[in-house]
There are 2 protein chains.
Amino acid sequence: MSEKKRGNTSLQQMMESFEEACRSADLKLTHQRLEIYRELATATDHPCAETLHRRLLKHMPTLSLDTVYRTLATFAQHHLVKKVQTVDSQARFEAEMSQHHHVICDSCKEIMDFQWGSFDAFSVPGDIEQWGSITNKNVTIHGTCRKCQATQQEVKQT
Amino acid sequence: MSEKKRGNTSLQQMMESFEEACRSADLKLTHQRLEIYRELATATDHPCAETLHRRLLKHMPTLSLDTVYRTLATFAQHHLVKKVQTVDSQARFEAEMSQHHHVICDSCKEIMDFQWGSFDAFSVPGDIEQWGSITNKNVTIHGTCRKCQATQQEVKQT
DNA sequence: ACCTCTTTAAGAATAATTCTTATTTACATA
DNA sequence: TATGTAAATAAGAATTATTCTTAAAGAGGT
């Protein structure tokens with residue numbers, strides 16, 4: 001029950017297909033790579049490299065921040081993780097590779113995944129099909145989450 | 001005819017409402033602000049601060065890059081321009097504030113605006129309405145534009 | 001024209017990310 | 001199971017993108 005909500009793919013399944021993908025891409029299965037991937041796969045937020053590094057340091061005290069950056073870049077090249085697009089300067093990452101969308105709280109910067117099947121089934125405007133070849137289409141919703149709404153309300157009352 | 005395609009708002013109208021907005025926000029109408037805004041408003045791409053700076057230097061040789069950054073940040077705070085969300089490290093900006101969406105070429109990084117009225121009319125999944133208050137929802141399409149498809153084809157043939 | 005507060009230019013500083021190099025490690029092969 | 005070799009890592013230097021500090025210049029009210 002304390003497992004992360006994630007479609008119906010278990011962590012173990014993710015780790016297995018990750019290892020498989022590394023082998024077929026000739027990426028060596030180092031301790032660092034396995035741990036960085038596992039940390040991201042179990043994260044419920046969409047952490048930046050620094051956050052991941054901080055979390056991993058607890059069990060890998062010599063892990064360098066550079067390795068986290070380098071490894072995430074390698075994973076992204078091989079489509080094992082995704083860089084999330086944001087307006088902030090620090091890049092954030094996710095291991096969830098299946099089709100989904102993001103809601104971002106502009107106040108606390110929390111990012112949440114959601115599914116939107118009826119949007120996915122929608123076809124894009126005709127003029128866009130002329131533009132080139134499309135690899136994916138995603139929705140980003142911006143707003144203020146309930147938690148932050150409550151906090152801001154308190155501030156007003158002060 | 002050589003005018004930028006832009007809904008049906010002319011540059012002159014944009015400049016006027018920009019000046020109006022500055023006055024009511026107590027932002028002084030400096031030469032730098034006017035020129036930076038005009039340059040962004042007439043740009044058909046979605047330039048980063050450095051690109052804007054480079055373009056403006058031709059007519060304002062002493063304009064500092066810091067002023068471009070600072071001014072764009074001020075404008076964004078006052079909702080006069082928007083920071084575009086991308087996966088790249090350099091922030092990119094646009095003056096177009098009306099509802100629209102983006103197609104991004106992953107190869108040349110070109111960003112194009114498009115309208116999608118039927119999507120705008122769509123309401124978001126029910127669970128998202130629970131999440132908090134939504135200020136906007138936007139689509140980003142990723143892919144490869146025709147120009148880059150052609151280039152990559154050439155490379156393959158070499 | 002003058003005062004006051006804001007804005008700017010220049011360069012220093014900071015933040016985020018990447019590079020360089022010596023060392024270590026994975027893993028294919030003996 | 002030991003060994004060679006290319007790939008990966010740690011550490012710290014370097015780079016890139018952005019922001020801060022400070023003195024001078026400018027906007028806009030009087």
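Every chain is numbered from 1, with letters handed out A, B, ... down the list of sequences.
- Atom NE2 of B/H53 and atom P of C/dT8 are 13 Å apart (whole Å).
- Contact annotation: B/Q32 side-chain N/O to C/dA9 OP1/OP2 distance is under 4.0 Å.
- The CE atom of B/M60 sits 13 Å away from the C1' atom of D/dA25 (whole-angstrom rounding).
- Rounded to an integer number of Å, the gap from B/L34 CG to C/dT8 P is 10 Å.
- Checked against side-chain contact (heavy atoms from CB on, under 4.5 Å), A/N136 has the following partners two or more places apart in sequence or in another chain: A/N138, B/H142.
- Pairs of residues two or more places apart, or lying in two chains, that qualify as salt bridge (Lys or Arg N to Asp or Glu O under 4.0 Å) and include a residue from residues 64-75 of chain A are A/D66-A/R70.
- Distance from the side chain of A/R33 is smallest for D/dA8 among the nucleotides D/dA8, D/dA10, C/dT8.
- Between the CD atom of B/E35 and the P atom of D/dG26 there is a distance of 15 Å, rounded to whole Å.
- When the side-chain contact (heavy atoms from CB on, under 4.5 Å) test is applied to B/T30, the partners found at least two apart in sequence or on another chain are B/K28, B/Q32, B/R33.
- Rounded to an integer number of Å, the gap from CG of A/L52 to P of C/dA16 is 15 Å.
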**Fill in**
Its contact letters, B for base, S for sugar-phosphate only and - for none at protein heavy atoms under 4.0 Å, make nucleotides 17-30 of chain C read BBB------BS---
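- Between the P atom of D/dA7 and the CZ atom of A/F75 lies a distance of 17 Å, rounded to the nearest Å.
- Going from atom CZ of B/R54 over to atom P of D/dA17 covers 11 Å, rounded to whole Å.
- Every residue was checked against the side-chain contact (heavy atoms from CB on, under 4.5 Å) condition with A/S89, not counting sequence neighbours, and none meets it.
- The distance between the ring centers of B/F93 and B/F75 does not fall below 6.0 angstrom.
- Annotation: of the two residues near DNA chain D, A/P61 and A/D26, the 5′-most nearest-nucleotide partner is A/D26.
- By the side-chain contact (heavy atoms from CB on, under 4.5 Å) test, A/Y69 pairs with A/A49, A/L65, sequence neighbours left out.
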